[in-house]
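Along the sequence shown, residues carry numbers from 1.
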Amino acid sequence: MMKALLGGVIAAAAMTMLSTTAMAEPEIVSGPAGNPECFVPWRQDTKFFKFPKKEGPYRIALANGYIANTWRIQMIQTAKAYAAQPDVAAKLKEFKVVSTGEDVPAQISAINNFIDSGYDAIVVNAQNPTAFAPVIKRAKDAGVVLVAFDNILDTQDAINVNVDQKGLGELWGDWLIEHLPDGGKILEVRGVAGTSVDTDRHNGIHERFAASGKNWEVVEVLGKWDDPTAQKATADAIAVHKKFDGITVQGGSTGTIQAVIDANHPFVPVGGETENGFRKFCAKFAGEGLKCTSAGSGPAQVAVAIKTAIAALEGEVLPQTVKLPLAIVSDPDFKEGVDFFPNESDNFFVGNSFPTCGINFTAQEIMGQSKENQ
């Protein structure tokens, strides 16, 4: 009798676990999203998710990888600033931040730890888009909402939030083609090797160059989206190659231009990111030949990712891939107080708001936060 009763309890528990797992998976539904202005689908055929509604407040974690550049630091600060907003904080029981560096297994281990610790959602900036398949499955089986942003995940089982990174590379490529109609020698300052952002931007640039039919010689260096690293890499490239006709820089744009100035290299057309210092240079030296387009993906996309995770837990309809707009300004339209701020840090990324999602931070709100794990 006791054995039969015990067997029944075990069977019931197993059925409960299976039911819980099944309920935790998102239902594929018809769009549009509950907040269509913010949660824009990537394509017309993007599928829509609806997770089972879960009562809050929620435990949400941010699993970041690389931290050693200003974009990532500002991203961590922005995440903390967003989580501290009263209407957001009211929905959070706990907000945890961990940065694990360039070690992919360490980032995967951190995500596994969050799953094992019972977090409701995990937001991740992935070091590698293809290495996370087992942990994605674990999150799905455990009913944990997984939202990737910036460097996204190669999966249909998590929500991705991103700007069109390849489109950004195409924009830079088109800028150089427009200003160098006969082709030329280009310095390409890349980001962090192996990340989806670096690969997508690089591919966008080179596809545009190839389609132009012009003759391009491209010298590639690694700048890691970091001003000091990009400055040294640019200085070394100028020392070896002497002269470039154009430059494209994924991040660390201020450092790259400083290296050009230090080397007395003639100003050339540049496609760069949205750093405040870069835009200051673009405005200051426009009359001396520095023709810029400044475009990128603001660190505030982490806030959109957290907003997405909360919406998923609240049972809102969401696209599997959310497309965010690029922040773009090009010569001769750099306006002081709008596109760049003379009294703010050179390292501050100006393209850092998403008004359609109700996200718009001041520099002071962001810089008042720390970059450390919490």
### Message
Starting from I60, can I reach L62 by hopping between I/L/V/M/F/W/Y residues whose side chains sit under 4.5 Å apart?
### Response
yes
### Task
Assess whether salt bridge (Lys or Arg N to Asp or Glu O under 4.0 Å) is satisfied between D120 and K54, documenting all intermediate values.
CA-CA 9 Å; D120 300 301; K54 190 171 185 178; 2.4 Å; yes
### Query
Quick one: are L153 and N160 in side-chain contact, heavy atoms under 4.5 Å?
yes
### Task
Say whether, by atom type as modelled, one donor and one acceptor occur between the side chain of S345 and the main chain of N347 under 3.5 angstrom.
yes
### Closest approach of N360 to S353 (non-hydrogen atoms, all atoms of both residues)
OD1-CB, 3.1 Å
### Query
Just by distance, with hydrogens left out, do N276 and D346 show a side-chain donor and acceptor under 3.5 Å apart?
no
### Query
Could you give the distance from CD1 (I73) to CD (Q369), rounded to the nearest 0.5 Å?
14.0 Å
#### Entry: For A259 against A235, the heavy-atom pair lying closest together
CB-N, 3.9 Å
### Query
Taking all atoms of both residues into account, what is the closest heavy-atom pair of G191 and D198, and its distance?
N-OD1, 2.8 Å
### Greater than 12 external heavy atoms within 6.0 Å of K91's NZ
no
### Query
Side-chain contact, heavy-atom cut-off 4.5 Å: D164 with L168?
no
### Message
Counting neighbours of CG on D116 that are heavy atoms of other residues, nucleotides or ligands and sit closer than 6.0 Å, is the number greater than 12?
### Response
yes
### Message
Would R59 pass as a cation-pi partner of Y119, given that its NZ or CZ must be under 6.0 Å from the six-membered ring centre and within 45 degrees of the axis?
### Response
yes
### Query
Judged by modelled atom types alone, do T130 and N128 share a side-chain donor-acceptor pair under 3.5 Å?
yes
### K166 vs E207, salt bridge (Lys or Arg N to Asp or Glu O under 4.0 Å): CA-CA, chis, key distance, verdict
CA-CA 10 Å; K166 185 178 179 183; E207 286 182 17; 2.9 Å; yes
#### Entry: S212 versus I177, closest heavy-atom pair with distance
CB-CD1, 3.8 Å
### Query
Donor-acceptor pair, Q127 side chain versus Y66 backbone, under 3.5 Å?
yes
### Task
Using the side chain to side chain contact (heavy atoms under 4.5 Å, CB included) rule, take L324 and V304 through it: C-alpha gap first, then chi angles, then the decisive distance, then the call.
CA-CA 9 Å; L324 298 174; V304 182; 3.8 Å; yes
### Task
Go through the side-chain N and O atoms of W225 and T229 and say whether any donor and acceptor fall under 3.5 Å apart.
no
### Task
Could you walk me through whether C292 and F334 pass the side chain to side chain contact (heavy atoms under 4.5 Å, CB included) test, one step at a time?
CA-CA 9 Å; C292 308; F334 291 94; 4.0 Å; yes
### Query
Given side chains that start at C-beta, do those of W172 and V270 come closer than 4.5 Å, heavy atoms only?
no
### Task
Check the side chains of K185 and H241 for a donor-acceptor pair under 3.5 angstrom, ignoring hydrogens and angles.
yes
### Message
Are the side chains of M75 and F149 in contact, using a 4.5 Å heavy-atom criterion?
### Response
yes
### Task
Using modelled atom types only, decide if a donor and an acceptor are shared between the side chain of Q74 and the backbone of P299 within a distance under 3.5 Å.
no
### Message
Any heavy-atom pair between the side chains of Y58 and K93 that's under 4.5 Å?
### Response
no
### Salt-bridge contact K243-D245 (side-chain N to carboxylate O under 4.0 Å)
yes
### Short side-chain donor-acceptor distance under 3.5 Å, D262 and Q258
yes
### Query
Between E314 and K53, is there a donor-acceptor pair closer than 3.5 Å when you use the side chain of the first and the backbone of the second?
no
### side-chain contact (heavy atoms from CB on, under 4.5 Å), paired with R72, selected from V302, N125, V192
N125
#### Entry: Heavy-atom side-chain contact between V40 and P319 under 4.5 Å
no
### Query
Any donor-acceptor pair under 3.5 Å linking the side chain of S294 with the backbone of E273?
yes
### Task
Inspect the contact between K224 and D226 and indicate whether a charged nitrogen and a carboxylate oxygen are less than 4.0 angstrom apart.
no
### Message
For K50 versus V317, what's the shortest heavy-atom pair and its separation?
### Response
CD-CG2, 4.3 Å
### Task
Ignoring hydrogens and angles, tell me if any N or O in the side chain of E336 forms a donor-acceptor pair with the backbone of P342 under 3.5 Å.
no
### Task
Could you tell me whether a side-chain N or O of S117 sits under 3.5 Å from a main-chain N or O of N113, the two making a donor and an acceptor?
yes
### Task
Measure from NZ or CZ of K280 to the centre of the six-membered ring of F340 and say whether it is under 6.0 Å with the direction within 45° of the ring axis.
no
#### Entry: Spatial distance of atom CG (D227) from atom OG1 (T254) [nearest 0.5 Å]
4.5 Å
### Message
With heavy-atom distances below 4.5 Å as the criterion, would you say the side chains of D174 and L176 are in contact?
### Response
no
### Message
Would a single hydrophobic cluster contain both L187 and L222, if residues Ile, Leu, Val, Met, Phe, Trp and Tyr are joined by side-chain heavy-atom contacts under 4.5 Å?
### Response
no
### Task
Using the side chain to side chain contact (heavy atoms under 4.5 Å, CB included) rule, take F39 and K307 through it: C-alpha gap first, then chi angles, then the decisive distance, then the call.
CA-CA 10 Å; F39 303 126; K307 184 182 181 78; 4.1 Å; yes
### I186-V249 co-clustered via ILVMFWY side chain contacts under 4.5 Å
no
### Query
Short question: side chain of Q320, backbone of T155 - any donor-acceptor pair under 3.5 Å?
yes
### Task
Give me the ring orientation class for F209 and W216: parallel if the planes are under 30° apart, tilted from 30 to 60°, perpendicular past 60°.
parallel
#### Entry: Residue pair E188 / H206, side-chain heavy-atom distance below 4.5 Å
yes
### Query
Are the side chain of K80 and the backbone N or O of S370 linked by a donor-acceptor pair below 3.5 Å?
yes
### Message
Donor-acceptor check, side chain of T293 to backbone of W175, threshold 3.5 angstrom: yes or no?
### Response
no
### Task
Please report the closest heavy-atom contact between V322 and W42, naming both atoms and the distance.
O-CE3, 4.0 Å
### Query
Is it the case that R201 and S297 place a side-chain donor and acceptor less than 3.5 Å from each other?
yes
### Query
With a 3.5 Å cut-off and no angle check, do the side chains of T356 and E37 form a donor-acceptor pair?
no
#### Entry: Residue pair Q250 / H202, side-chain donor-acceptor N/O under 3.5 Å
no
